[in-house]
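The sequence lines fix the lettering, A, B, ..., with proteins before strands; numbering per chain opens at 1. Predicted model only: the values in this text are computed from it and were never measured.
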Amino acid sequence: NAGVTQTPKFQVLKTGQSMTLQCAQDMNHEYMSWYRQDPGMGLRLIHYSVGAGITDQGEVPNGYNVSRSTTEDFPLRLLSAAPSQTSVYFCASISGGGSYGYTFGSGTRLTVV
Amino acid sequence: AQKITQTQPGMFVQEKEAVTLDCTYDTSDPSYGLFWYKQPSSGEMIFLIYQGSYDQQNATEGRYSLNFQKARKSANLVISASQLGDSAMYFCAMRRKDTGRRALTFGSGTRLQVQP
């Protein structure tokens with residue numbers, strides 16, 4: 001099915017561990033972005049990309065790295081997990097000229113203990 | 001900086017009635033786009049409706065319509081004939097000027113509960 005695929009759906013990490021959240025889209029969308037959602041809050045932008053090889057920081061980038069080697073994939077790396085990074089993470093994509101909604105993945109629920 | 005404000009943390013509505021969810025925004029960008037998303041308890045983000053700042057008419061999609069008042073900087077979502085399946089969190093969002101309009105900024109959301 002066309003869309004945005006995020007893996008894993010759930011993850012528990014110990015403080016200090018690193019991991020990569022995967023995001024892949026098969027719609028040939030130029031723009032991709034990562035958000036985190038904390039209880040009682042809306043989604044906040046972590047990083048975004050406007051095409052392969054081009055990424056930039058959002059409003060809460062600290063502790064996260066991204067890369068975009070292909071149009072399809074936009075992984076999010078947690079370098080050294082902290083309890084403050086416990087959250088639900090969403091990846092989203094949209095075509096460059098789109099006035100339609102961004103397509104979101106189903107989310108990754110991450111707990112850091 | 002851009003900001004989206006949703007002042008209703010929670011709303012109740014009776015089944016089959018209409019409900020309005022409020023959204024106000026602040027931006028210096030002359031060209032902007034506004035979105036509404038639904039997030040059911042299962043957690044996924046579902047796109048509902050889009051309004052461009054230069055659109056002459058209010059957007060409509062089935063039972064969803066957007067009451068866009070540009071001078072007041074408001075973009076309220078109207079759901080007509082509410083259904084039990086409409087119970088969810090609803091988020092208003094805007095394209096972010098600081099990302100070249102490539103990503104979104106979100107409000108804090110409104111939890112809607114539809115009562116039978």
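- Defined by atom type and a distance below 3.5 Å, a donor-acceptor pair is missing between the side-chain atoms of A/Tyr31 and A/Ser33.
- Checking side-chain atoms of B/Gln8 against main-chain N and O of B/Asp22 turns up a donor-acceptor pair under 3.5 Å.
- With a 4.5 Å cut-off on non-hydrogen atoms, B/Leu48 does not touch chain A at all.
- Proximity to chain B (any heavy atom under 4.5 Å) is restricted, for A/Gln37, to the side chain, taken from C-beta onward.
- Aromatic pair B/Tyr37/A/Tyr102: centroids not less than 6.0 angstrom apart.
- With no hydrogens or angles considered, no side-chain donor-acceptor pair links B/Tyr90 and B/Arg111 at under 3.5 Å.
- Ranked by heavy-atom pairs under 4.5 Å with chain B, the list A/Leu43, A/Leu45, A/Val50 is led by A/Leu43.
- Proximity to chain A (any heavy atom under 4.5 Å) is shown, for B/Gln51, by neither the backbone nor the side chain.
- At a 4.5 Å heavy-atom cutoff, the contact between B/Arg96 and chain A is made by side-chain atoms alone.
- Between the OG1 atom in A/Thr108 and the CD atom in A/Gln6 there is a gap of 4.5 Å [rounded to 0.5 Å].
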